[in-house]
Number of protein chains: 2
Amino acid sequence: MEKRATIKDVAEAAGVGVATVSRVLSGGSASPSTRERVLAVAAQLDYRPSALGRNLRQRRTGGIGLLVPDLTDTFYAQLSEGVLACARAAGEPVVVGSTGGDPEQEAELVGMLLEQSVDRLIAVPTGGADTWAPALKAGMTVVFADRLPAEAAPDEPDAFTDLLLLDGLAAPPPAPRPLDAPAVLADDRAGVRTAVRYLRGLGHRRIAFLGGPGHERRAGAFREAVGAPVDEELVVFATGSRDSAYAAASGLFQSRPDLTAVVAGGNVLGEAAVLAARELDLRVPRDVSLVMYDDVPWAELCSPPLTVIAQPGRDMGYRAAELVLRGGPRRARSVTLPTELIVRGSCGPRRT
Amino acid sequence: MEKRATIKDVAEAAGVGVATVSRVLSGGSASPSTRERVLAVAAQLDYRPSALGRNLRQRRTGGIGLLVPDLTDTFYAQLSEGVLACARAAGEPVVVGSTGGDPEQEAELVGMLLEQSVDRLIAVPTGGADTWAPALKAGMTVVFADRLPAEAAPDEPDAFTDLLLLDGLAAPPPAPRPLDAPAVLADDRAGVRTAVRYLRGLGHRRIAFLGGPGHERRAGAFREAVGAPVDEELVVFATGSRDSAYAAASGLFQSRPDLTAVVAGGNVLGEAAVLAARELDLRVPRDVSLVMYDDVPWAELCSPPLTVIAQPGRDMGYRAAELVLRGGPRRARSVTLPTELIVRGSCGPRRT
DNA sequence: AAGCATGATGGAATCGTTTCCATGGAGAAG
DNA sequence: CTTCTCCATGGAAACGATTCCATCATGCTT
């Protein structure tokens with residue numbers, strides 16, 4: 001447990017000033033002879049610059065924060081792997097936090113990152129603008145992934161708002177100042193629309209949407225895809241936990257035995273739907289068809305293998321990390337990645 | 001993007017010295033009146049002490065490192081959630097790295113953590129003593145989870161060594177100095193033994209073990225459980241990737257069509273086994289019985305639902321975090337957590 | 001040959017905190 | 001009344017890097 005060599009030690013041993021050592025190590029100008037000598041001494045002392053000193057001087061920690069609702073959700077795990085891969089390539093450490101889908105915990109974690117002077121953050125947001133505006137105002141470079149904070153004005157108004165506007169029932173909302181942060185999203189609108197059309201094509205008319213926290217956007221896309229009139233009883237939300245997802249799925253099946261197809265807004269919801277259906281002796285796809293968000297490895301293991309809306313989770317993470325790392329003065333543009341409907345065996349024609 | 005208040009600002013505004021502010025904030029002695037005033041000013045200025053200054057002064061980053069092979073492996077995700085939960089309770093940030101099961105990347109990540117002065121680390125090790133001895137010597141408090149580094153002398157010599165010793169074929173190995181770090185492990189020996197006995201009880205005689213990197217301990221337990229003579233062809237190893245796992249599983253089934261049962265050393269291996277069996281038209285459990293390590297949520301979704309050896313992944317992570325946080329001068333004791341065989345539907349009687 | 005530009009170099013300031021130490025005042029004990 | 005003790009308090013020194021700036025030597029231009 002001998003203590004590490006500091007820049008001062010290197011400077012002394014090489015007979016130069018600390019400034020010179022610093023310059024050599026960070027690629028500044030130096031004569032070839034000194035450069036060589038310093039490098040040799042540094043190697044010999046096994047000198048590694050301490051991030052502590054550097055960080056303090058530069059008033060930023062370096063490294064990037066990553067906030068996801070739940071790592072055991074395979075999609076977020078994939079996304080995280082993408083972030084980690086990009087960060088490793090850049091040599092940056094990643095501080096990960098799991099919010100559990102709870103705005104309060106999320107806010108707490110943001111506070112912690114702020115305290116650590118982590119000034120670059122990738123987040124799958126749970127809370128709304130009230131959580132995120134402060135972070136942005138504190139100078140953090142934030143990139144959202146998978147979805148935007150609830151109150152942030154989406155680029156495209158959601159279907160529900162559209163309907164209201166069309167009906168002349170509501171004035172345009174006072175446009176809650178959009179959070180000034182780029183995002184990496186999947187094309188939910190297209191993904192859901194494709195899934196709904198596919199189910200429609202199989203003859204399904206009573207299609208339900210089973211969502212979790214943060215799936216409002218997908219729910220909106222779903223409403224839009226099924227078109228008015230939307231049977232709101234067929235749009236149900238669970239909270240973050242697996243138990244809640246199961247309860248929501250089971251409740252849905254029981255309260256509306258007339259439904260013939262379900263779109264699950266996330267893989268945890270899909271899992272719950274399969275379980276609930278089995279418990280209620282509903283056979284997939286004979287009695288109920290299922291399309292699940294996220295192409296997770298185990299989707300293929302189910303029986304029948306699940307038809308899914310695939311999102312490129314790993315890529316999304318990687319792209320988000322690229323954005324946040326580049327993230328200079330001019331804020332980066334958001335990017336939307338395509339989804340793909342992967343047809344396996346969990347959807348069948350409607351049986352009367 | 002106004003800059004944050006520093007301790008100096010608070011001191012000035014409160015009309016006291018910085019030392020006093022620091023003391024008040026960290027619970028040192030101060031008169032009630034000053035304490036109150038400082039607290040008020042701090043709150044009013046929204047002062048949050050910067051971890052940067054503190055870390056530099058204390059020559060350690062605080063926070064803990066976490067290294068796992070792959071976050072998309074649900075077991076490691078569970079373990080990580082446990083670590084994160086404990087760390088959040090303690091208000092400590094967690095720097096996560098994914099090694100991909102590659103000793104080189106692992107070593108690189110350890111180096112990065114060292115550079116960040118992260119001095120407490122929880123690791124699911126991939127590399128051997130050569131990776132870990134340096135980290136320990138550098139003064140890191142390391143807690144291993146799920147397994148020990150390869151070359152570290154296990155508390156209990158593995159079965160293979162035992163056999164050699166019994167046969168008088170080898171001198172006791174020169175006891176590679178055991179790494180001086182506690183670990184949180186599952187009781188692999190009992191877990192595997194229970195699984196093998198269960199399969200034996202169903203009539204299976206040719207049982208294979210399908211392992212991945214780091215499953216040597218489980219393989220050892222397997223050899224011990226099946227007893228000599230061990231058919232070494234029935235013990236196969238994949239490298240870290242899903243592809244490799246699939247290849248190993250498929251190769252195993254094809255090269256030894258006589259096997260009737262498989263123990264998979266991890267959930268990724270189990271997934272691969274199910275896939276490979278399906279591809280080869282082997283039916284589970286009719287043609288081949290399967291026991292998989294890790295009770296992951298999707299084990300129940302498979303058809304048939306998978307019989308598993310459950311490890312308390314979340315608990316393991318939580319305990320590891322407790323150990324590393326407590327981890328003071330006296331090194332903590334290792335802990336071994338129980339496993340449980342959860343019988344579902346993937347094992348059946350041997351059919352001839 | 002003198003002046004000027006260029007580039008290498010080291011000293012010192014800086015970042016924000018904790019902590020050591022000296023100071024001063026107040027209360028207690030003699 | 002004096003001396004001793006104790007505590008609140010603030011100044012200043014770390015911590016380990018980066019970086020500004022002044023200095024000095026060298027080589028080139030005029």
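Reminder, nothing fancy here: chain letters follow the sequence lines and each chain counts from 1.
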Select one nucleotide: of D:dA17, D:dG10, C:dG16, the one nearest the side-chain heavy atoms of A:T6. D:dA17

Nearest-Å distance, CG (B:L25) to C1' (D:dA8)? 17 Å

A:T34 side chain N/O closer than 4.0 Å to the phosphate oxygens (OP1, OP2) of C:dT9? yes

For D:dA17, take OP1 and OP2 only and decide whether either is under 4.0 Å from a side-chain N or O of A:S22. no

B:Q58 atom CD is separated from C:dC20 atom P, nearest whole Å, by 11 Å

Look at the side-chain N and O atoms of A:R23 and state whether any lies under 4.0 Å from the OP1 or OP2 oxygen of D:dT19. no

Would you mind reporting whether B:Y47 and B:I7 have side-chain heavy atoms less than 4.5 Å apart? yes

Once you apply a heavy-atom cut-off of 4.0 Å, does B:L52 come out as touching a base, just sugar-phosphate, or nothing? nothing

So, does A:S334 use its side chain to make a donor-acceptor pair with the main chain of A:P182 at under 3.5 Å? no

Evaluate the side-chain proximity of A:S117 to B:R4: yes if any heavy-atom separation is below 4.5 Å, no if none is. yes

Protein-nucleotide distance (B:L56, atom CG; C:dT14, atom C1'), rounded to Å: 12 Å

Interatomic distance where CG belongs to A:L45 and C1' belongs to D:dG16 [whole Å]: 15 Å

B:R60 CZ to C:dG16 C1', in whole Å, measures 17 Å

Does D:dG10 have its OP1 or OP2 closer than 4.0 Å to a side-chain nitrogen or oxygen of B:T20? yes

Reckon B:G53 touches a base, only the sugar-phosphate, or nothing at all at heavy-atom distances under 4.0 Å? base

Students often get this wrong, so: under 4.0 angstrom with heavy atoms, is B:I7 touching a base, only sugar-phosphate, or nothing? base

Quick check on C:dC15: is either OP1 or OP2 less than 4.0 Å from any side-chain nitrogen or oxygen of A:R59? no

What is the separation between atom CG on A:D9 and atom C1' on D:dG16, rounded to the nearest whole Å? 10 Å

Heavy atoms only, 4.0 Å cut-off, all strands: where does A:A30 land among base, sugar-phosphate and nothing? sugar-phosphate

Here the distance between atom P of C:dG10 and atom CZ of A:R35, to the nearest Å, is 14 Å

Salt bridge present between B:R147 and B:E216 (N-O < 4.0 angstrom): no

Among D:dG10, D:dT19, C:dA8, which is the nearest nucleotide to the side chain of A:S29? C:dA8

Atom CD of A:Q116 to atom P of C:dT17: distance rounded to whole Å? 13 Å

Contact class for B:S31 vs. all strands (heavy atom < 4.0 Å): base, sugar-phosphate, or nothing? sugar-phosphate

Under a 4.0 Å N-O cut-off, is there an ion pair linking A:E108 with B:R88? no

Looking only at side chains, do B:E81 and A:S98 share a donor and an acceptor under 3.5 Å apart? yes

With a 3.5 Å cut-off and heavy atoms only, can you find an N or O donor on one side and an acceptor on the other between the side chain of B:R57 and the base of C:dT17? no

